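Notes to accompany the following structure.
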Amino acid sequence: MPAHTSGRASAALPVSPARAGSRHERLAELLADMLPGARTIRVSQCEPDRSWPSPYARAYDERGRLLALNRAQRLTAARWIIRASPELDWDEPHDLDLASGALRPTAEGYATVTGGC
């Protein structure tokens with residue numbers, strides 16, 4: 001049996017930016033397996049029809065069409081993505097591109113498509 005001095009788990013080590021990218025890529029692979037046909041997952045803390053914060057995810061295919069997800073899939077995807085990047089401001093929605101593993105605020109995606117604000 002391992003000897004633990006204090007009986008507590010050790011503190012998490014800070015993640016370097018290089019490792020954060022690979023973490024998002026691994027997460028994107030897992031989510032792509034869990035949500036076949038999905039290209040992008042939009043995550044927020046604001047579930048429709050709720051007045052309190054609740055993790056929520058929507059999945060879109062490569063053409064931008066909304067995919068049907070059950071409650072377990074929505075919660076699991078949202079929790080995994082939020083927990084993988086706790087340093088982000090989750091007051092605003094973020095998009096995870098399952099092809100590249102890139103996670104960015106949703107507003108940035110709109111600015112890129114329209115050419116700026």
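Nothing here was measured: the structure is a model prediction, and the numbers come from that model.
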Any sub-3.5 Å donor-acceptor pair from [X]'s side-chain atoms to [Y]'s backbone N or O?
X	Y	value
T40	L96	no
D61	R65	yes
R23	A84	yes

Separation of I81 CD1 from R79 CZ (nearest 0.5 Å): 13.0 Å
Can you tell me how far apart CD1 (I82) and NE2 (H94) are? Round to the nearest 0.5 Å. 9.5 Å
Side-chain heavy-atom pair [X], [Y] within 4.5 angstrom cut-off:
X	Y	value
L88	L103	yes
L75	W80	no
D33	L31	no
Y60	L67	no
I41	R58	no
D91	Q45	no

Nearest non-hydrogen partners of [X] and [Y], listed with the distance:
X	Y	value
Q73	L69	OE1-CA, 3.5 Å
A57	R74	O-CG, 3.3 Å
A28	G101	CB-CA, 3.9 Å

Any donor-acceptor N or O pair under 3.5 Å, side chains H24, S85: yes
D95/R42 ion pair, N-O < 4.0 Å: yes
Do L98 and Y56 belong to the same hydrophobic cluster, where Ile, Leu, Val, Met, Phe, Trp and Tyr are linked whenever their side-chain heavy atoms lie under 4.5 Å apart, directly or via other members? no
Counting only heavy atoms from other residues, nucleotides and ligands, does the tally under 6.0 Å from CD of E92 exceed 12? no
